[in-house]
Amino acid sequence: TSVATAVLATGMVLYFYLRAGLRHKSLWHFSLIACLALAIVANLGLFLAWKDHWWIQATLVDESAFGPGNAFFRVLEDSRWGGRSGLAAAGVIVASGLVGSQWLVWTGRRLSGRMIATAIALLLLLFTLGKSAHILAPLDTVANPAAIMLVSCMGTGSMFAVGGFPRNKWIGPEYFRNIPGRLLPAFLAMISLATLSIGDNNFLSSVCSNWLGGSDHLVSRPPFSKTLCDKLLEYPDHQGRILWEDIPGDVGNGWAVLLPSSTQKPMIGGLSPVAHIEHMQASLRDGRLAGRSVLDWTDSELGAFIKAYRISFVVARNSDSIGRWSRFADSEIILKDLNLQNGQGWVVFKLAEQPGIAVVGQARIVHLGSDKITLADVFPENGSVVLSLHYQRGMKVRPGRARIERELDSHDPIPLIRLRLDEPVSRLELEWEDR
């Protein structure tokens with residue numbers, strides 16, 4: 001999304017440069033080019049990653065109905081505003097930014113003023129659209145409270161810098177040409193912020209922590225994480241995956257990405273509570289398994305899902321999920337805590353031990369990492385082995401007598417891996433072309 005936004009913004013930047021560049025000297029052009037080069041170098045990793053992974057699509061699974069009303073309330077309730085006081089302060093800054101952009105227009109800087117106002121309006125629109133439907137959620141990486149207020153501050157600074165505006169170029173209302181009219185908008189903004197600060201003792205701390213702090217998607221592990229990891233480590237022979245239930249509102253749950261390394265078990269879910277890519281189709285999210293309510297799944301369907309994705313443990317965190325997995329015949333509760341703060345309880349279910357990673361044929365995991373996948377004791381069934389792993393472009397297999405193909409699945413948008421083998425192989429490795 002960031003790369004696509006950079007490409008789309010190129011037109012606006014180029015338009016501004018061609019319109020304003022002729023009025024400036026060489027130093028202005030050099031500074032602009034230097035800033036552009038620095039931004040490209042700093043984000044080179046994103047551009048290279050986009051080149052390799054641009055084909056990954058957002059999924060429509062679990063998409064909320066498009067509703068402007070719901071989106072509006074989601075915008076207002078976003079925790080990054082810093083509560084009610086922070087939202088009010090953000091409103092003052094955004095309003096000041098729009099006033100400042102108009103101030104630039106009235107002082108002869110029409111292009112700059114109009115572009116700032118357009119950018120503020122566009123960010124607000126994209127942020128609202130991102131709250132309208134899950135498929136548009138990636139817009140949040142570009143249009144979010146921090147970005148909106150950052151751009152607004154450009155206009156707000158222009159409003160406060162009243163001394164730098166030449167009065168002989170003023171084309172706005174006559175009242176604002178001289179003091180006190182020129183100071184009135186800035187004075188009103190300062191009074192509004194001061195009133196908010198006086199009315200809320202926690203105003204400065206909450207606003208600073210939300211506006212200036214880092215993302216809370218990656219936070220320190222909660223106290224119960226050690227109990228959870230220790231319990232899962234008690235089952236070293238269970239090779240199956242952990243099915244982790246993501247809760248969309250739980251933005252501080254980023255620590256779950258550390259579970260695979262802490263438990264030595266692969267995992268489905270836990271990547272991000274707000275990620276929506278097609279690779280996460282087979283996930284448990286807020287009471288919905290693979291896009292369907294978990295209450296609608298029969299035992300036979302759950303059994304097929306468990307076999308297809310090699311699930312050995314389920315960490316359920318939604319009341320519907322906890323109830324449904326409790327009624328599943330082959331599940332056993334091994335750990336639970338239903339008395340956490342804010343009602344964020346969880347239950348760990350142990351399922352039947354999985355024989356390996358192969359859905360068809362046999363294969364045992366030796367190494368499962370980002371560098372390569374190593375399997376042992378690979379026995380084909382009717383000349384093939386289907387692995388419970390997503391197929392990726394550029395995969396290659398060793399030894400060379402094995403062939404790798406896509407295994408299409410009507411329930412998963414990403415194909416699984418099919419290995420064509422004429423005879424068993426004692427050791428087999430999957431790697432990527434760029435490694």
Side-chain angles (χ1 to χ4, degrees), residues 1-2 4-5 58 62-98 116-156 189 192-193 196-197 199-220 246-256 270-277 280 285-288 317-318 341-344:
T1 302
S2 298
T5 303
D62 196 27
E63 182 182 1
S64 299
F66 188 94
N70 292 334
F72 178 73
F73 286 113
R74 292 191 190 103
V75 167
L76 297 181
E77 294 170 359
D78 193 294
S79 61
R80 289 168 294 180
W81 294 119
R84 292 180 179 272
S85 298
L87 179 62
V92 172
I93 293 178
V94 172
S96 300
L98 293 173
I116 291 175
T118 301
I120 294 174
L122 183 60
L123 286 172
L124 286 170
L125 175 62
L126 293 178
F127 185 48
T128 304
L129 289 175
K131 296 292 187 179
S132 300
H134 287 302
I135 193 174
L136 299 176
L139 291 174
D140 187 86
T141 59
V142 175
N144 50 61
I148 293 170
M149 287 183 285
L150 180 63
V151 175
S152 298
C153 283
M154 298 171 64
T156 303
S192 300
L193 293 175
L196 291 171
S197 180
D200 185 355
N201 295 330
N202 298 322
F203 173 75
L204 290 178
S205 60
S206 63
V207 167
C208 289
S209 63
N210 281 275
W211 292 6
L212 302 180
S215 171
D216 56 355
H217 283 209
L218 290 176
V219 296
S220 60
D246 288 306
I247 305 296
D250 187 10
V251 295
N253 190 46
W255 68 272
L271 177 64
S272 168
V274 294
H276 300 281
I277 59 175
M280 298 179 67
R285 186 173 184 274
D286 200 21
R288 300 180 69 85
R317 307 169 62 209
N318 175 280
Q341 293 181 354
N342 301 321
Q344 296 291 336

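- Leu125 contributes atom CG, which lies 12.0 Å from atom OG1 of Thr118 (distance to the nearest 0.5 angstrom).
- The two residues Leu126 and Ala143 make their nearest non-hydrogen contact at CB-CB, 3.6 Å.
- Atoms CZ and CG, from Arg84 and Leu76 in turn, are 9.5 Å apart once rounded to the nearest 0.5 Å.
- Considering all non-hydrogen atoms of both residues, Pro145 and Asp78 come closest at CG-OD1, 4.2 Å.
- In this structure, CG in Leu122 is found 11.0 Å from CD1 in Ile120, a value given to the nearest 0.5 Å.
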Identify every side-chain donor-acceptor pair in residues 87-96 under 3.5 Å, counting partners at least two apart or on other chains, and give the distances.
unit_1	atom_1	unit_2	atom_2	d
Ser96	OG	Val92	O	2.7

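- Taking each heavy atom of Ala147 and Leu123 in turn, the nearest pair found is O-CD1, 3.7 Å.
- Between the side chain of Asp286 and the main chain of Ile247, no donor-acceptor pair closer than 3.5 Å is present.
- In terms of heavy-atom proximity, Gly97 sits nearest to Thr156 at N-OG1, 3.3 Å.
- Across every non-hydrogen atom of Trp81 and Val75, the tightest pair is NE1-O, 2.6 Å.
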